[in-house]
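Worksheet for the structure shown next.
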Amino acid sequence: MRWIYQYDVAALFISLVILFNLFVSQRIKTRVSKAFKILAIDLFLATVFDIITIYTISYYEQCPIWLNYVLNIIALLTYNSLPVFYIISIMYGSMSEDQDFTIAQKLFLAIPVCAAGFLIATTPVTKAIIYFTADGQYKIGSTFDILTGIGFVYLIMVIVWGVMKRKVLRTEQTITIIVYTVTTIAALIICNIWTRLLVTLFFASLSVLITYLSLDNPSEYTDPIMDVYNKKAFMFTTNDYFNSRKSFTVLGIQIEGISYLNETLGYNNFNKILVKIARKICGICGKNNVYRLSGSKIAVIIHSDDKNKDDKFLELQLLFSQSIKIAEIEVSPKVKMATFQCPEAADNFVKLNDLIFDTLNSSEIESGKIVDGNKKMLEKSRREYELIRILKQALTQNEFEVFYQPIYSVKKKKFTTAEALIRLNNEELGFVSPEEFIPVAERNGLILLIGEFVFRSVCKFIINNKLWEKGIEYIHVNLSAIQCMQEKLHEQLLEIMNFYKLDYKYIELEVTETAAIASSDTLLKNMRSLMENNMNFALDDYGMGYSNTSTILQYPFHTIKLDKSIVWAAMKNEKAQKLLHHTIAMFRDMGIELVAEGVETSEMAVMLMKMKCDYLQGFLYSKPVTGRAFLDLLEHKY
């Protein structure tokens, strides 16, 4: 039999073009592109061996039967595995990167192709698919049509998947499914009518070509302004390196004052500056290695075998030491730069991304210099990751505990108030200072949950123990800066107190000046609403260097808490003592009550009493203690 094989030659040409482009072009290595590369290689091999077997079957006298079996089995295996690789590419294209096939899907995909492989591999013995006569002539086996049926199974899978995922498929992906369906059916019809016409691989190559053209939308991986890769591309590239255990260095670059530059230069000129910066970085490090992670952050991947790494770093430092000119405008952008050696610094994209952002946002980095982000900053970042996990665990498993530090009333000569303080004692980390975990909680949004926990705990403690009967007039509860920014803070706090049926006067809220300034309008509205309900506010940490009289005048504070630094300084320095004396006198004249923090010696207490300070708080009277211990302290008389 003489076959019309010219279509196979055309299929070979198409598959070569696809393979050439795949290996030459710099495509981002996604799961889809990897699956498609296997499909393209399989198409090439199927076409090559189909052409070879046309020759060996036609000239069987010159080819040993065993060799004809081997060549035809390879041709059949590669051809019949095309549908499964094709549908895997299609399915991956409609799934997010963190999704994978279910066990059922894996079985549906694997069983038909394995069955086909078994029939093909055993055909020299069973003669089920093909066989050769004693004189070497090629024959079709009685169950050859099973392979066609298996091909139809995968065709149905493609159609069903396309219908199920029609809402998430791009137009190009839908077109590829339609083309695959039409060409597969057309090829089967043509081959059944004209058996000598070999068009199946040609139609298959057309389907693969159209799939290749719609494989990835380049705009998905490119930043439209800088014309470099984006964060999504960075994720795919670094994940590929991590999975293959490649060693590489990432240089993180942050352009400082980006909002100011945008406002000053105007949107168009600002974008031109960004483009110029990107081009200069690409000129030094290569366009395929540059990624824009956010408005102000850029990442550059330096490969481990790059011998010019140090020279590139020097060039980048020189680049950012010079001004950049756009039209008549000269700009000297300041940048922070840090290197991260992977996988030592981070072993996955999430950790690496967080490490880059945390490091470049740090105030410890000096502009214009490249620092090593793999030592102290790495340890700090890992500690923060661990703390975040511990804080979440503490919230869900009730590991936080509220301690109380009693406050001594000079006038009544006993404890009349106390400050509620959050404590965390974890099995893994031991005691964790609030000075460490509170900033972490604020940066990661957990502070609102912690603040609510403290407030609820205090309300419950007051009502359960009837503290007013024990002489406690109210409890100080600290508000974080984030809490102060919540417009409905007053509603939330009143709702909690109503739940416990607690009189509002038993709580006094403490805020720092930093929190007050950051949320001035919102805080004032909340203060007025809560003060209308008989609650009071205290300004915490007065005298530590940030507080000023304008803050006191702007907000209706009932109490001022003098920071321990101003109290301790007064014990050592006569001028500081006079300043403290006049400060107390000024606030007393304004009708504001005063609490002195950090009172640790009887000498301090005597000095403050002489200055007519209202309340004393410190280790002289008690350190922060548990609720049970606080109740015991209330039994003592001073």
Side-chain angles (χ1 to χ4, degrees), residues 1-5 7-9 11-12 15 38-39 41-88 107-158 180-181 183-205 207-208:
M1 180 184 291
R2 296 187 65 84
W3 284 281
I4 301 172
Y5 62 87
Y7 287 98
D8 265 5
V9 175
L12 179 62
S15 65
I38 295 172
L39 172 63
I41 292 171
D42 190 43
L43 173 65
F44 171 74
L45 292 174
T47 309
V48 168
F49 279 96
D50 200 51
I51 293 172
I52 291 172
T53 53
I54 290 171
Y55 178 84
T56 58
I57 290 171
S58 300
Y59 300 95
Y60 61 88
E61 302 93 344
Q62 302 171 20
C63 183
I65 291 176
W66 67 267
L67 181 57
N68 243 331
Y69 267 121
V70 170
L71 294 173
N72 277 271
I73 286 172
I74 294 173
L76 287 168
L77 286 173
T78 52
Y79 173 75
N80 284 276
S81 58
L82 283 172
V84 69
F85 291 137
Y86 187 86
I87 190 173
I88 289 172
L107 288 173
F108 273 117
L109 290 171
I111 290 174
V113 75
C114 288
F118 177 79
L119 290 172
I120 293 167
T122 57
T123 196
V125 177
T126 63
K127 296 180 172 48
I129 303 300
I130 62 163
Y131 64 93
F132 292 91
T133 61
D135 60 353
Q137 293 187 52
Y138 174 82
K139 299 291 182 181
I140 299 294
S142 58
T143 58
F144 186 89
D145 288 340
I146 291 177
L147 298 183
T148 304
I150 289 172
F152 262 111
V153 169
Y154 285 112
L155 177 62
I156 292 168
M157 285 186 189
V158 170
Y180 176 74
T181 304
T183 54
T184 301
I185 294 172
L188 289 171
I189 293 171
I190 291 170
C191 287
N192 275 286
I193 297 174
W194 297 285
T195 55
R196 294 188 306 113
L197 190 60
L198 303 178
V199 296
T200 52
L201 281 167
F202 174 70
F203 283 144
S205 66
S207 294
V208 173

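Every heavy atom of this structure was used, including side-chain atoms; hydrogens, water molecules and symmetry mates were not.
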* May I have all residue pairs that pass ring pair (Phe, Tyr, Trp, His ring centres under 6.0 Å) and include part of residues 111-137, sequence neighbours excluded? => Tyr69-Phe132, Phe132-Tyr138

* Please list, chain by chain and in numerical order, all residues satisfying side-chain hydrogen bond (donor to acceptor under 3.5 Å, both in side chains) with Ser81, sequence neighbours excluded. => Asp42

* Asked: Who passes side-chain contact (heavy atoms from CB on, under 4.5 Å) against Ile74, sequence neighbours left out?
  -> Phe49, Val70, Thr78

* Asked: Who passes side-chain contact (heavy atoms from CB on, under 4.5 Å) against Tyr60, sequence neighbours left out?
  -> Asn68, Gln137

* With a 4.5 Å limit on heavy-atom distance, are the side chains of Gln62 and Tyr55 in contact? -> yes

* To do: Please answer whether the main-chain N or O of Ala128 pairs with a side-chain N or O of Thr143 as donor and acceptor at a distance below 3.5 Å.
  => yes

* To do: Flag the pair Ile73 / Ile130 as yes when at least one side-chain heavy-atom distance between them is below 4.5 Å, and no otherwise.
  => no

* For Phe85, which residues count as a ring-ring contact (aromatic ring centres under 6.0 Å, His included) partner, sequence neighbours excluded? -> none

* **Partner residues of Tyr79 under the ring-ring contact (aromatic ring centres under 6.0 Å, His included) criterion, sequence neighbours left out** => none

* Output all residues satisfying side-chain contact (heavy atoms from CB on, under 4.5 Å) with Thr183, sequence neighbours left out; order by chain, then residue number. => Val179, Phe203, Ser207

* **Nearest non-hydrogen partners of Phe202 and Tyr7, listed with the distance** => CB-O, 3.6 Å

Output side-chain donor-acceptor pairs under 3.5 Å for residues 145-154, partner residues at least two apart or in another chain, one line each.
unit_1: Tyr154; atom_1: OH; unit_2: Leu109; atom_2: O; d: 2.5
unit_1: Tyr154; atom_1: OH; unit_2: Val113; atom_2: N; d: 2.8

* Answer whether the closest heavy-atom distance between the side chains of Leu155 and Pro83 falls below 4.5 Å. => no

* How many angstroms lie between atom OG1 of Thr56 and atom CD of Glu61, to the nearest 0.5 angstrom? -> 11.5 Å

* Structure fact -> All heavy atoms of Gly117 vs all of Leu77, minimum pair found to be CA-CD2, 3.7 Å

* To do: Answer whether the closest heavy-atom distance between the side chains of Val158 and Tyr180 falls below 4.5 Å.
  => yes

* Using the test ring-ring contact (aromatic ring centres under 6.0 Å, His included), find all partners of Phe108 that sit at least two apart in sequence or belong to another chain. => none

* **Ile111: partners by side-chain contact (heavy atoms from CB on, under 4.5 Å), with sequence neighbours left out** => Leu107

* Asked: Just how far is it from atom CZ of Phe144 to atom CD1 of Ile120, taken to the nearest 0.5 Å?
  -> 8.5 Å

* To do: Please report the shortest heavy-atom distance between Asp8 and Thr47, naming the atom on each side.
  => O-CG2, 3.2 Å

* Asked: Are Ile185 and Ile189 close enough, and set up right, to give a side chain to side chain contact (heavy atoms under 4.5 Å, CB included), and what steps lead you there?
  -> CA-CA 6 Å; Ile185 294 172; Ile189 293 171; 3.8 Å; yes

* What's the verdict on side chain to side chain contact (heavy atoms under 4.5 Å, CB included) for Leu201 and Leu12, showing C-alpha distance, side-chain angles and the deciding distance? -> CA-CA 9 Å; Leu201 281 167; Leu12 179 62; over 6 Å; no

* Taking all non-hydrogen atoms of both residues, which atom of Leu119 and which atom of Thr122 are closest, and how far apart? -> O-OG1, 3.4 Å

* Asked: Are any non-hydrogen side-chain atoms of Pro112 and Met157 less than 4.5 angstrom apart?
  -> yes

* Please report the closest heavy-atom contact between Ala134 and Ile65, naming both atoms and the distance. => O-CD1, 3.8 Å

* Structure fact -> Rounding to 0.5 Å, atoms CD1 (Ile140) and CD1 (Ile129) come to a distance of 9.0 Å

* Please check if the side chain of Asp50 supplies one atom and the backbone of Ala46 the other of a donor-acceptor pair under 3.5 Å. => no

* What's the shortest heavy-atom distance between Asn80 and Leu76, and which atoms? -> ND2-O, 2.7 Å

